[in-house]
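By convention in this document, chain letters (A, B, ...) are assigned in the order of the sequence lines, proteins followed by strands, and residues within each chain are numbered from 1.
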Amino acid sequence: MNIPNNLKYSNDHEWVRIEGDQAVIGVTDFAQKELGDIVFIEVETVGEALGRQDTFGTIEAVKTVSDLFMPVAGDVIEFNEGLEDKPELINQDPYGEGWIIKVRINSPDELDDLLNAVQYQEIVNE
Amino acid sequence: MKHTAFTQFHEALGAKMVEFAGYSMPVQYEGVIAEHETVRKGVGVFDVSHMGEIWVKGPKALDFVQRITSNDASVLVDGKVQYSCFPNGKGGIVDDLLVYHINAESYLLVVNASNIDKDWQWIVSNGEKMGLKAGKELINASDETAQLAVQGPLALKAMQKLTGEPIEDMPFYTYKMLKFAGVENVLFSTTGYTGAGGCEIYVRNEDAATIWKAVFEAGEEFGIKSIGLGARDTLRLEMGYCLYGNDINDTTSPIEAGLGWITKFVDHKDFIDKEVFLKQKEEGVSRRLKGFEMIDRGIPRQHYEIVNESGERIGEVTSGTMSPSLKKAIGMGYLNKGYWPVDTEIFIKVRNKSLKAKVVKLPFYK
C-alpha cells in the first residue's frame, strides 16, 4: 500500500497536496484498490466554493457509485480533464496523473485537522 | 456464511470475497475489466457452486416439469439442456433455471443461489399436488454439488485435454456424462452465462479439488484465469441475459421480459399462468424489458428512473454498467409502450440530471 509521506489525508481516503494557497486532491492508493476499476468520474463543481465534507464529484467503479468529499473547504478551480477519457489513471497513478481537482484553500487552519501518512496508515489497517 | 468446495482456492489467489446469497464468493481477483477480457478472448473459470441443483425423478417427472416451467420440456431428448422459468401463479417469475433431461424419469433443475429456498418450497408444494414427495421424487442436491463454469473461446479446447470423449464440437446447450480429469460421472454441459462459449461442469463436493487443479493445469497453456462475480455480471449484461432480482422477479412476466421464446403455448402443455401469459402475448403488454445505450456521459444503475423528453416517467433501469468490451455505458430496463423501437430517445435520471440514451437491439455485444 503506497502512502506517500509528503501528503495529507482525510478519513474518506482522499489525499491532499499543499502547493502554496492551493491544494491538489485525489483518492488514495487504498481507495482505488477498494473501488476496483474506475470507469467514470464526474466533477461539475469547478467555480464553486465548497465547504469541508461537501460533495465535489462522483466516482464510479464497474459496480459501485461513490461520492467524493472535500477534505478541506475551498474554491474548486480545476478538474483534471484527462480523467474524462481515462478514468483508469486513478487506478494506475492515484497520486500523480490520477489527481482529481485543484482547490484554492479558504481556511488554512483546517489543514491541521488532516491526517499525516502514519495516521492514515492506521485508518487503513483498521 | 456458507463456503463452496473451492473457497480455499479463491482465498489462496487473493480474491476479494463478498457475501452473495449467503455464500462467501469471489467478486474479483485482478480486476473486473481484465477478467472480463480474459473470458471474451481466452478462457476463465467461475466458481458457481452456489447455484442450486434440484432433481425431479420418477414416472411423473416430465408431467411435473411441464406443469411448473414455461418452456416445453417435452422436446428435450437425452443430452439436451433448456433455459426456462418457473411462473409464480400471479403472472410473475419465481426463478429462471436450466432444465437437464437426464432420462425420461430424471430431470435436473439448476436454479439461482439467491432463490434456492424459495424454489425448493415452490417445487415441493406444487409437487405434492401431483403426488411427488420431497426426499423421494424431489431431491435438493444443492449443498452436495460443486460447479465450475469454464467460459471463453478457448474453454472447450482446453477442457478437451481432460477427457477422451470429444467435446469441442458439442452443440450449445447439450451435455454429456463424462469421465473427466479421472473423475467418473461428471456432468459436462455446453452452457453458460457469458456469451463467450464454453462449458459448465458439475461434480460432487469431494471431487471439487481434483477438478479445480486439473482444469487450471489443462488451461495453463491457454492463459486460464479465475474470474469473479463482478465480471460474470458485466459479461451477462453485454449479452442482454436477464439476472433474477434485477431484470426479472416475482412481478415481471416472461412476456414483458422478452422471454416469450421460453414460454411455449402448445396444446400438449398446461402450465402455471399459461392463460395469463397467452393473453399478454395476444393482447400485448404495457411495458417491456429493453436494452439501451447512453448517448450523454453517465452510467445507468439499477432503479434509476427513465423519463421521456418532457420528463414524464416511462420506466426504470433494472441493470446497468460500463461495458468493458464496447467501452460504452449500457443498461436494460422496463419501458412503457411507445418507447420500444430501436433508436427511440429516452432519458435516464442520473443524480437529478436527465441524460440522453437510445434504445438498442439486444445483445449489446455481438
Side-chain angles (χ1 to χ4, degrees), chain A residues 1-2 12-13 27-48 50 53-70 76 78-94 97-98 100-101 124-126, chain B residues 14-20 25-39 227-238 243 245-246 293-294 296-304 317 319-331 348-355:
Chain A
M1 195 70 57
N2 183 10
D12 299 313
H13 306 286
V27 299
T28 64
D29 189 33
F30 174 79
Q32 68 81 14
K33 282 203 175 89
E34 283 296 302
L35 289 164
D37 293 322
I38 309 292
V39 292
F40 188 72
I41 180 122
E42 183 175 75
V43 171
E44 297 185 325
T45 48
V46 175
E48 291 180 26
L50 297 179
Q53 293 293 328
D54 284 354
T55 301
F56 71 83
T58 310
I59 187 167
E60 299 199 37
V62 179
K63 288 290 283 178
T64 57
V65 185
S66 311
D67 284 334
L68 293 164
F69 300 105
M70 293 287 278
V76 181
E78 193 179 342
F79 165 54
N80 178 3
E81 284 174 5
L83 298 177
E84 284 203 352
D85 291 329
K86 291 186 117 187
E88 64 270 23
L89 289 174
I90 293 173
N91 295 115
Q92 293 160 1
D93 190 8
E97 284 194 79
I100 299 173
I101 55 168
V124 167
N125 289 346
E126 273 168 18
Chain B
K16 185 182 206 175
M17 305 296 286
V18 295
E19 180 175 348
F20 179 80
M25 298 300 291
V27 66
Q28 68 166 64
Y29 300 81
E30 57 177 320
V32 174
I33 294 172
E35 291 166 34
H36 181 108
E37 281 169 6
T38 296
V39 174
I227 313 293
L229 294 180
R232 186 167 164 82
D233 191 53
T234 53
L235 287 156
R236 71 93 193 167
L237 186 48
E238 284 184 350
L243 172 63
N246 281 44
E293 63 178 52
M294 299 303 296
D296 290 338
R297 293 184 71 246
I299 302 175
R301 304 282 183 182
Q302 188 182 16
H303 302 312
Y304 284 6
V317 177
S319 288
T321 195
M322 180 63 79
S323 157
S325 302
L326 305 169
K327 320 274 184 226
K328 282 180 190 168
I330 58 170
I348 314 299
K349 297 274 268 191
V350 181
R351 295 181 285 278
N352 294 321
K353 283 183 298 180
S354 290
L355 302 183

query: Would B:Arg301 and A:Glu60 count as a side-chain contact (heavy atoms from CB on, under 4.5 Å) if you check the C-alpha gap in whole Å, the side-chain angles of each, and the deciding distance to 0.1 Å?
result: CA-CA 11 Å; B:Arg301 304 282 183 182; A:Glu60 299 199 37; 2.7 Å; yes

message: Counting only non-hydrogen atoms closer than 4.5 Å, can you tell me which residues of residues 81-90 of chain A sit against chain B?
response: A:Glu84

message: Could you tell me if the side chain of A:Lys63 sits less than 4.5 Å from the side chain of B:Gln28, heavy atoms only?
response: no

- prompt: Would you say B:Ile33 and A:Val39 make side-chain contact, with heavy atoms under 4.5 Å?
  reply: yes

message: Among residues at least two apart in sequence or on other chains, which ones pass side-chain contact (heavy atoms from CB on, under 4.5 Å) with B:Gln302?
response: B:Asn246

field: Contacting moiety of A:Thr64, where chain B heavy atoms sit under 4.5 Å
entry: backbone

field: Contact class of B:Lys327 relative to chain A, heavy atoms under 4.5 angstrom
entry: neither

message: Could you work out, with ring pair (Phe, Tyr, Trp, His ring centres under 6.0 Å) as the rule, every residue matching A:Phe30, not counting sequence neighbours?
response: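 Expected list: A:His13.
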
- prompt: Any Lys/Arg nitrogen of A:Glu44 or B:Arg351 sitting under 4.0 Å from an Asp/Glu carboxylate oxygen of the other?
  reply: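 Salt bridge absent between A:Glu44 and B:Arg351.
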
task: Return each pair, listed once, that meets side chain to side chain donor-acceptor pair (under 3.5 Å) where at least one residue sits in residues 29-41 of chain A; pairs must be two or more places apart or across chains.
output: A:Asp29-A:Gln32, A:Asp29-A:Lys33, A:Gln32-A:Asn91

